[in-house]
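The block underneath contains the structure these notes are about, expressed in C-alpha cells.
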Amino acid sequence: MTTFVELLVNGISIGAVYALIALGFVIIFKATEVVNFAHASLLLAGGYLVARLWPVVGFWAALLIGVAAAALVAAAIEFLVIRRANVASHSVLAIVTIGVDIVITTELTRQIGTDVLAMGDPWGSEVVRFGGVTLAETRIVALVTAAALITAFLLAFKYTGWGVAMRAAAEDAETAALMGVRLGRVSMSAWAVAGGLAAVAALFLCVFPTPGLDRSTSLVALKAFPAAILGGLDSTTGALVGGLIIGVTESMMSGYQNDMAFLGRGIGDVAPFLVMLVILLIRPAGLFGTKELARV
Amino acid sequence: MYRYLAWTGVAAVLCLVPFYLDGFWLQTGLFAMSAAIGAIGINLLTGATGQLSMGHAFFLAVGAYAYVFFSAEPTERLGGLGLPTGIAAVLAVLVAGVAGGLFSPIAGRLKGAYLGIATFALIFGGQHVLFNAEHLTGGFNGRAVPELDLFGFSFGDTPELIVLQVPFGTLERLWFLGLVLVALSMAFAQGVLKGRPGRAMNTIRDHEIAAGVMGVPVARYRAGVFVLSSMYGGLAGVLLALVFQRTVPEYFGVLLSLDYLAMIVIGGLGSVGGAVLGALFVSLLPQLLTKYSDSIPLVAAPGTPGGVSPAEAARILYGAAVVTVVLFLPGGLLGLIRKIRIRPPRLRLPLSPPSPSPETRSPHVP
C-alpha cells in the first residue's frame, strides 16, 4: 500500500511536470496552429543553460537565465521561422519545427557529449517521510511549482488583457486582428511563455532521482507529446489531465514492472505512448479536444 | 525524345558505377537507394496526402527484421523459418504492409500533425519490442542477415564472379538489384500519383471536406496510403538489411524517422523525383563530409576531440536545409531545378507543386 501511495504521488508529481511541457505545446498550437516538434529542444536548451551556469552565478540566477533564454529562443523561432514560412499546410510548418529541432538538439547534444550535468538545485537527494511514505523533496517541490505555474497561467489566460487577446486570436484570428489584437505579438508571446515553461520543466526532469541532464533528456521530454494529444491539442485542461495520466501511468508501470516481467524491461517508458493510442482509438480528438465540425 | 535519351544516359552511368568506384561509395550509394525507396513511400503519405508520420523508421525495422526472421535457419537462441530468401523478402514487404494496416484505425481517422504525434508510439513501441523480443530480433546485438539468393543467383561474395576484370562481390551485385528496385518503386509511385488515386490524395491534402463531397472515401484513402507507404518502408528496410548485413535495433529510432521527413522536405514534397533527390542529399551529405573532413574547415575528422564531427555537421546542415527550403525554396530541390530550367521547359515532369488550400490562403497573399 505504501508503495502504491509513493508511486501515485511520484506519478502525479512527474505528471505535473509533463503537464507544464504539454501546456506550452498547447498554447503554441492555440496561438499559431503549429504543432511544435522543437519543444524538446527548447527544454534541452533551458536545462543546459541552468546546468552550465549555476556554478558561476548560483542556482537561482542560473534558473532565471535559463528560463529567460528558453523563452527568447522560442520567440526567436516564431519571429524568424514560423512567421516567415509561407506554406500551404500546417503539416509543413510542423516539419519546419523538426528542422529547427534537429539543429538545436544536435548542437546541444554535441556540447553535452557523454557528460551527465548536475542541476545544482538546493534540494539535493533529501527525502521527506509522511507516516510510512517516503517522498523525495524534489518531487514535492516539482508538484508545488508546477501547480503554482499552471494556476498562474490559467488565471492570466482568463483575466488579463493578454489572455483575452490570446483567446480571441485562437477563436478567430481575422476578427481579432480587426478588433486591434496584434497577432504577431500574441503568437510571439505564446511561444515565449511555452519556452519558459519548458525550461522550468527541464529543471524538474533532471533533478533527483534522475542523475542529471544528459543527451537523452530530450527523449524524455518527448513523453509530453502524448500528454498534449491525448488531452486534446487545443485544450489547456486536456494538457493538465493528459500530463497527469501520462505521469501516473509511467510511474505505476515502472514501479510494478517486476510483476509484469512478460512485458519486457523498460515498459514504463513505452506505456505513455500505448495509453495515447488507446485513447485516440476511442476519441480521435483527444479527451477534451474540440471535435472538428465544418459547415459545408 | 530528349527525355528518353536523358534517362538512358542516367541509367548507363549508374550501371557503370560499380566498375569504377570502391566499396565505400558503393555502400553509400546503396544506402541512398534504400533511403530513396523509403522516402518515396513517406512522400506519398506526407507530401501527397498531407499526413505526417514519425513512424517510418518502424516500418523499415519491420521489413528488415521480418526478412531476417523468414529467411534465417532457426537456432536454439534465435527463431527463424528458413524460407527461400526471395520469398522471405516479398513476405517482409507484405508484413510491413500488414503492420501499417493494423495501425489504420488510427491512420485513417487522425489527420496531419495529430497523426505525427500518434506515430511516435510506433517508434517507441517498436524499439521496445526490438530490444525485448530476443527470440525474434536478437535483442540489443541484433541479428546477422542471410544473403539474398534469387533463382540460384547469390547476392553474396561467393561463388566468385568476375565481370570485365572487376570482381563482383556483395555490394556490386546488390547495386544492380538496388537500381532495379528504385526504378520499380519510382515507376509505381509515379503511376499512383498521376492517376485517380493521386488526385484523390492531393484533394484530401488540400481540402478534406471538398474531397469528401467529391466522393473520395477520405478515411479509407488515408489508411490505404498509410499501408502503401509502410510497404515502401518495408522494402527499404529489406534492402538496408542486405547492405548492412546486420540489423541493430538502435538504428531504427526517432532520428531515422526525422531524417526521412527532412529528405522529402529538402527534395520537394509530394513528388517522386523530390523524394529521390532529398534521399540522395541527406544520405550522401554525412559520407561526403566524412570523406573530405580534412579539407573542410570547422569539421573535425571522426574520433578527434573538439570540433564538429562530420555526422553532427551533416545533421546541422540538413536541419538548416529544411528550414531554408521551407522559407525560401517552396518546392524543394526539385522545384529549384525546375526553376533554373536545367531541362527544356516543355519536358517538365508532369507533377505540379502543391497548391495552397483555400483555407489557408489569406486575402493579402496572392
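The structure presented is a predicted model; accordingly, all values stated were derived computationally and were not measured. Naming: A, B, ... by sequence-line order, numbering from 1 per chain. We use all heavy atoms of the structure for the numbers below, so side chains are in, but hydrogens, waters and symmetry mates are not.
Once rounded to the nearest 0.5 Å, the distance linking CG of B:Leu255 with CD1 of A:Ile102 reads 8.0 Å.
Side-chain atoms of B:Leu110 and A:Leu280, non-hydrogen and from C-beta on, do get closer than 4.5 Å to each other. Inter-residue side-chain proximity for B:Thr46 and A:Ile95 is flagged as met; some heavy-atom pair is nearer than 4.5 Å.
Aromatic ring orientation, B:Phe124 versus A:Phe273: parallel (interplanar angle below 30°, classes split at 30° and 60°).
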Handout entry: Steps toward side chain to side chain contact (heavy atoms under 4.5 Å, CB included) verdict (A:Leu277, B:Ile106)
Key = CA-CA 8 Å; A:Leu277 283 190; B:Ile106 287 183; 3.4 Å; yes

Exercise for the section: Could you give me the CA-CA distance, side-chain angles and deciding distance for B:Leu52 and A:Phe37, then say whether side chain to side chain contact (heavy atoms under 4.5 Å, CB included) is met? Expected result: CA-CA 12 Å; B:Leu52 200 56; A:Phe37 286 105; 3.6 Å; yes

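Contact record, B:Leu327 with A:Leu80: CD1-O, 3.9 Å, taken as the closest heavy-atom pair. B:Arg109 and A:Ile282 make their closest contact through NH1-O, 4.5 Å (heavy atoms, listed as atom of the first residue, atom of the second, distance). Here the closest heavy-atom approach between residue A:Gly99 and residue B:Val323 is recorded as C-CG2, 4.1 Å. The minimum heavy-atom distance between B:Ile117 and A:Pro226, with the atom names listed, is CG2-N, 4.3 Å. Here the closest non-hydrogen pair linking B:Tyr114 and A:Ile229 is O-CD1, 3.4 Å.
Contacts of B:Ile316 with chain A are made by both backbone and side-chain atoms, with heavy-atom separations under 4.5 Å. With a 4.5 Å cut-off on non-hydrogen atoms, B:Phe328 does not touch chain A at all.
Among the candidates A:Val81, A:Leu219, A:Leu281, the residue making the largest number of heavy-atom pairs closer than 4.5 Å to chain B is A:Leu281. Across B:Gln51, B:Gln127, B:Met54, the residue that shares the most heavy-atom pairs under 4.5 angstrom with chain A is B:Met54.
Environment of CD in A:Gln111: crowded, with over 12 heavy atoms of neighbouring residues, nucleotides or ligands closer than 6.0 Å.
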